[in-house]
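Fair warning: this is a prediction, and the values are worked out from it, not measured in the lab. Residue numbers start from 1 in every chain, and the chains themselves are labelled A, B, ... in the order their sequence lines are given, proteins ahead of strands.
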Amino acid sequence: MKKRYSVGLIFILVFSLLVGCSGAGQNSDTIKIGWFGPLTGPTATDGIHSRDASQLAIDQVNAQGGINGKKLELIAVDDQGKPEEALKAVQKLINSDRVVSIIDGAYSGPSKTVAPKVQKAKVPMVAAYVVHPDVTKGGDYVNRVIYTGPVQGKAMADYAVNELKKKNIAVLYVDIDYGKSIYGSFKENATQMGAKIAIERSFKMGDKNFNSLLTAVKSANPDALYIVGYYNESSAIVKQAKEVGLNVQMLGVDGFDSPKYLELGKENTEGSIFTTSFYTSDEREVVQQFVKAWKEKHDTDPDMLSSQSYDAAKVIIEALKKAGTDREKLAKAISETKDLEGTSGKITFGPNHEVIKPVIFMTVKDGKFQYIKSKLYN
Amino acid sequence: MLAQQLLNGVALGFTYVLIAIGLTMIYGVLKLLHFAHGVIYAVGVFAAMIGILYLNMNFIVACLFAMIIAAICGVAVERFAYRPLRNVHPITTLISGVGIAIFLESLFQVVFSSDPRAFPDTGMKVSVWKISESISITNVKLTIIVVGLVALVLLYAFLRWTKMGIAIQATAQDMRAASLMGVNVNRVVAITFMIGSAFAAIAGVLVAYDINSIYPTMGSVPGLKAFCVVVLGGLGSIPGTIIGGLILGIVESLSEGYLNGMIIDKDAIAFVILIIILLVKPSGLFGRKVEKV
């Protein structure tokens, strides 16, 4: 058995070597840009939107004749939402597809795993919507077009305590890096500003039944509930909160920002307030053009992470125009991006490779997302 | 809060009971662990969804429709995946069931995509019924409990007072002897699958309506938990399954309500119980002696 196993292993190794070599010859007519993210599995909606948005940005450049006469090509690889698959995906993009740059359309877990490899391979990568702080650390090759989790947590703490005057806030956070990093900074900032955390509980991605958690939250008597999670769980929480009789202000994060939140949560989403980076009614030309182009293709409004992924592609495209396909120069050009008109605000990268742009506060009114205000946090 | 959590637990427990009843009956008759049972639950939910969306059914008709489709599907699984394998090693049949589950789940992912979708609009409103200041229950949860109770009473009456019910009990005791006494064993098995599948389907529809979410893999975790319930109660024992289901629902509800930062996932509690039961009392709370599966 053991012997057969090792023979199989050798076979796989040889095979992957062959596959690896076959992609080696760089096709000189196209510039390849890689993308990875979840195209299957529970988070597939996000991945598919992200890929489509990146593709849209690339199609638009190609329609104008490409860059220096060369067409761009997006190579999308599925990571199934799993770190180990993401690692394989990125290795494929770097070793066999020889992409000049990568768009990270994945969640925190996969992105965090992949980032050191990308830094080591010296391939410039732009993270679209992942918020975990570690992703951009450890080198100059990874930039991010969305602010990190802590910025959102701080923004909501400021808004809840200073504007809404909430004093006793309950928190439910999703038990992954996304939830922990946002909640960590929310707690720190909210308690500094003089509010109390009434109760804090975590939940798992994919949970559907929150009755027991919400019963516990209700008995803590909070004046607001901060939900750090994505739309699937968040819509279930706001719905079930009403059912257990918890009628307090719902606060949320950019994970709320999807038409699915309204669809699944129905009238229970009314009045909830969340932080995000993009809204479709923004009057800037770049946003309106993006919304129009997206609607023509997909019949729906683009969501926040489509906008983020579009911007990530945009950042790479603009840098390619300036610096060409040399990976080192490209990485430098990406890091030097300044005041780029993105769909999610003017994009500038700080020295730590993090974006500097305002946080947007949104609410739900009459079954629609509505803009409240925006504010710059660092 | 304790009373509220107990009530949450009972409602949750009844969904487990409804799923697990089918498993335990099927084990009783065939001595078979029916691993495709969870996917039958999802079949029921998707059938209800199609009924409401495309065939303009109201909620109650859609529930019945889901039960019928799931029953047919259950019988088909038995006919094509289990019956050809009836006299081979039990593991083979078990793997066959796993295969069916994977196939159907993947098929649903291809046809309906893996995105969770909302339960179609039924025109019904979720209302909250207050029992006391701190205890309340929604009409949906109340429906789950009532449907669970009614189903159990009907099942009891069926097994006790009808000819087919007695035939099922006879087959569960000894399949060969029953068949020698003139019981049509294949029909008994088919009826068992029908009843079990219909129960799973109604549980699925009510849960999907309650959580307002439908997705292809929605049956897999409840299906596995139902196994734990069946083992906890004792394989083949219906009263054991009822007690087991309620225990699991209440334990899950209480642990989530009172414990924070558990090392194990709340979905893992069922499996911890399973391991403990297998170590301490392998025959379950109400089981007769168990042969090796």
**Q.** Reported CG-to-CG distance for the pair B:L12 and A:N211, which is rounded to 0.5 angstrom
**A.** 8.5 Å

**Q.** Any residue of residues 213-228 of chain B which, by heavy atoms, sits under 4.5 Å from chain A
**A.** B:S213, B:Y215

Q: Using modelled atom types only, decide if a donor and an acceptor are shared between the side chain of B:Q5 and the backbone of A:T215 within a distance under 3.5 Å.
A: no

Q) If contact means a heavy atom pair closer than 4.5 Å, which residues of residues 231-244 of chain A contact chain B? A) A:N232, A:K239, A:Q240, A:K242, A:E243, A:V244

Q. Could you give the distance from CD1 (B:I211) to CZ (A:F210), rounded to the nearest 0.5 Å?
A. 9.5 Å

Q: Output the option from B:S127, B:A11, B:S136, B:S253 having the highest count of non-hydrogen pairs under 4.5 Å with chain A.
A: B:S253

Q.
Taking side chain as everything from C-beta outward and backbone as N, CA, C, O, which of these in A:D175 sits under 4.5 Å from a heavy atom of chain B? Side chain, backbone, both or neither.
A. neither

Q) chain B: which of A:S212, A:A216, A:S219, A:G245 shares the most heavy-atom pairs with it under 4.5 Å? A) A:S212

Q: Identify which part of B:I137 has an atom lying under 4.5 Å from any heavy atom of chain A, answering side chain, backbone, both or neither.
A: neither

Q) Would you say the side-chain atoms of A:K266 pair up with the backbone N or O of B:A118, donor to acceptor, closer than 3.5 Å? A) no

Q: Please check if the side chain of A:R201 supplies one atom and the backbone of B:E256 the other of a donor-acceptor pair under 3.5 Å.
A: yes

Q) What residue, out of B:V128, B:D121, B:N212, has the most heavy-atom pairs lying under 4.5 Å from chain A? A) B:N212

